[in-house]
Amino acid sequence: MDAIAITILSIILMIGLGYFLKRIDFLSEEFIEPLNKLVMYILLPCMIFSAISTADLSLLPKLGILPFVIIASSLITGIVSYFILKKMGLDDITLWSVLVTIMIANTGFMGYPVTLGIFGQEGFLRAIFCDIATLCIFLMLSFILVMKFGGNTMTALKKIIFFPTLWAVILGLGFNFLNISIGPVLENTINYLGQGTIPLIMIVLGLSIEFDGITRSKSMIAFTSVMKLAFFPAAAFLIASSIGLVDLQYNVSIIEAAMPSGMMSLLLAITYRLNHELTSDCVLINTVISLITLPLILMLL
């Protein structure tokens, strides 16, 4: 069995474990928020800091192109989707509730485990740079939604400025550039904490799955799944090919573009009072569908 099959099956089993634990009432949906906070504020930043603080920074000029691929793919997919949704006659709240799920990819929570499992640390480092693009898209959409529906611009800025993964990237680069040692004890502690990230992310995803959304929002789930899981990576393929990306650069950019909708789209829906139930349905169901589409795309690379 090759690395792709092993990684995808391992992810499916961990997500399945989370769903099973919910079904037998061992864990409930009340655990989702505290476990998410544990991942977002402690485990994931440790994982990112550990990877970047020890990375070969001579690769930076090469890695810098990866955010461009994801941002450009997101904008192209978003613009096409916007005009299709407009033609469907949707009201603004429904339109943007769907659009945020199409434009924001789960380059972190899903992207990190897949790239790390298949491409190792070199792939994971590139996935971090793809995830920087997702932060930029989140910020851009925050400002658009503030102008469209009202809200506090400073709130959107604060969400980005204090985003833990952003600081993990900044501190990791700073410590690496300045060659600052954190000592073996702290280094080991950070490594151990980082190793808990992926299994906990997968279990939380399993806890989040709710199949009732299929009947509630089936037409929009179908649309977002096609645009996010097929059109978005197709746009990335054209962009990556046109600018001459090859090997690991090419593979990681396509795989990250093929990730399902990101959980940050739900944060936008809640913050700007969109139809967050519709957004949640689209995110969770196309995450399940991606367990089928991701292996297919990986086989085509």
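All values reported here derive from a predicted model rather than from experimental measurement.
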Handout entry: Over 12 non-hydrogen atoms of neighbours within 6.0 angstrom of CZ in Phe231
Key = yes
Problem - hydrophobic_cluster_shared for Val226 and Leu296, side chain cutoff 4.5 Å - result: no
Fill in the blank from the handout: When every non-hydrogen atom of Ser253 is compared with those of Leu245, the smallest separation belongs to OG-CD1, 4.0 Å
Handout entry: Contact check, side chains of Pro260 and Leu229, non-hydrogen atoms, under 4.5 Å
Key = yes
Problem - Cluster check Leu178, Ile190: I/L/V/M/F/W/Y, side chain < 4.5 angstrom - result: yes
Handout entry: Nearest non-hydrogen partners of Ser265 and Val100, listed with the distance
Key = CB-O, 3.4 Å
Practice task
Keeping the roles fixed (side chain from Asn106, backbone from Gly262), state whether a donor-acceptor pair exists under 3.5 Å.
Solution key: no
Exercise for the section: Determine, using the 4.5 Å side-chain heavy-atom cutoff (strictly less than), whether Leu193 and Val185 are members of one ILVMFWY cluster. Expected result: no
Problem - side chain to side chain contact (heavy atoms under 4.5 Å, CB included), paired with Lys22, selected from Leu27, Leu17, Leu207 - result: Leu207
Handout entry: Heavy-atom check, side chain of Asp131 versus side chain of Val169, under 4.5 Å
Key = no
Exercise for the section: List the steps and the verdict of side chain to side chain contact (heavy atoms under 4.5 Å, CB included) for Val288 and Ile15. Expected result: CA-CA 9 Å; Val288 175; Ile15 292 175; over 6 Å; no
Exercise for the section: Using modelled atom types only, decide if a donor and an acceptor are shared between the side chain of Lys228 and the backbone of Pro233 within a distance under 3.5 Å. Expected result: no
Handout entry: CG-CD distance between Leu35 and Glu30, expressed to the nearest 0.5 angstrom
Key = 12.0 Å
Problem - Within-4.5 Å side-chain heavy-atom neighbours: Ile201 and Met110 - result: no
Handout entry: CA sep, side-chain torsions, deciding dist, call: Ser50, Asn191, side chain to side chain donor-acceptor pair (under 3.5 Å)
Key = CA-CA 6 Å; Ser50 181; Asn191 284 338; 2.5 Å; yes
Practice task
Measure the spacing between CD1 of Ile12 and CG of Leu291 and express it to the nearest 0.5 Å.
Solution key: 5.0 Å
Handout entry: Value rounded to 0.5 Å, distance of CE in Met14 from CG in Leu9
Key = 11.0 Å
Problem - Side-chain touch Met264/Leu141, heavy atoms, less than 4.5 angstrom - result: no
Exercise for the section: Kindly work out whether a path of hydrophobic side-chain contacts (I/L/V/M/F/W/Y, heavy atoms less than 4.5 Å apart) joins Ile71 to Leu63. Expected result: yes
Problem - Backbone N/O of Ile52 and side chain of Asn176: donor-acceptor pair under 3.5 Å - result: yes
Handout entry: Met88 reachable from Ile221 in the ILVMFWY side-chain graph, under 4.5 Å edges
Key = yes
Problem - Ser142 (side chain) donor-acceptor with Phe138 (main chain) under 3.5 angstrom - result: yes
Cut-off 3.5 Å, no hydrogens considered: what does the side-chain donor-acceptor table look like for residues 76-85, sequence neighbours left out?
from: Thr77; atom 1: OG1; to: Ser73; atom 2: O; distance (Å): 2.7
from: Ser81; atom 1: OG; to: Thr77; atom 2: O; distance (Å): 2.8

Handout entry: Close side-chain approach of Ile254 to Gln249, heavy-atom, < 4.5 Å
Key = no
Handout entry: CZ/Phe237: more than 12 non-hydrogen atoms of other groups inside 6.0 Å
Key = no
Exercise for the section: Scan residues 12-43 for pairs that pass ring-ring contact (aromatic ring centres under 6.0 Å, His included), counting only residues two or more places apart or in two chains. Expected result: Tyr19-Phe211
Problem - Audit row: Thr197, Cys46, side chain to side chain contact (heavy atoms under 4.5 Å, CB included) steps and yes/no - result: CA-CA 9 Å; Thr197 306; Cys46 284; 6.0 Å; no
Practice task
Walk me through it: do Asn251 and Arg126 pass the test side chain to side chain contact (heavy atoms under 4.5 Å, CB included)?
Solution key: CA-CA 10 Å; Asn251 290 339; Arg126 285 158 176 80; over 6 Å; no
Practice task
Would you confirm whether Ser74, through its side chain, and Ile70, through its main-chain N or O, come within 3.5 Å as a donor-acceptor pair?
Solution key: no
Problem - Met40 side, atom CE; Glu33 side, atom CD - distance, nearest 0.5 Å - result: 12.0 Å
Problem - Sub-4.5 Å side-chain heavy-atom contact between Leu44 and Pro164 - result: no
Problem - Evaluation steps, side chain to side chain contact (heavy atoms under 4.5 Å, CB included), between Ser290 and Asn286 - result: CA-CA 6 Å; Ser290 74; Asn286 81 37; 5.7 Å; no
Practice task
Output the distance between atom OG (Ser241) and atom OH (Tyr250), rounded to the nearest 0.5 Å.
Solution key: 4.5 Å
Handout entry: N/O donor-acceptor pair under 3.5 Å between Thr101 side chain and Thr279 backbone
Key = no
Exercise for the section: Kindly indicate whether the side chain of Met259, heavy atoms from C-beta on, has any atom under 4.5 Å from the side chain of Leu294. Expected result: yes
Fill in the blank from the handout: Only residue of Phe119, Phe124, Phe129 satisfying ring pair (Phe, Tyr, Trp, His ring centres under 6.0 Å) with Tyr112 is Phe124
Practice task
Please report the closest heavy-atom contact between Gly123 and Leu248, naming both atoms and the distance.
Solution key: N-CD2, 4.0 Å
Handout entry: Partner set under side-chain hydrogen bond (donor to acceptor under 3.5 Å, both in side chains) for Thr134, not counting sequence neighbours
Key = Thr107
Practice task
Output the distance between atom SG (Cys282) and atom CG (Leu99), rounded to the nearest 0.5 Å.
Solution key: 11.0 Å
Problem - Closest approach of Ala127 to Thr115 (non-hydrogen atoms, all atoms of both residues) - result: CB-OG1, 3.3 Å
Exercise for the section: Taking the side chain as every heavy atom from C-beta outward, state whether Thr54 and Gln121 have any pair of such atoms under 4.5 Å apart. Expected result: no
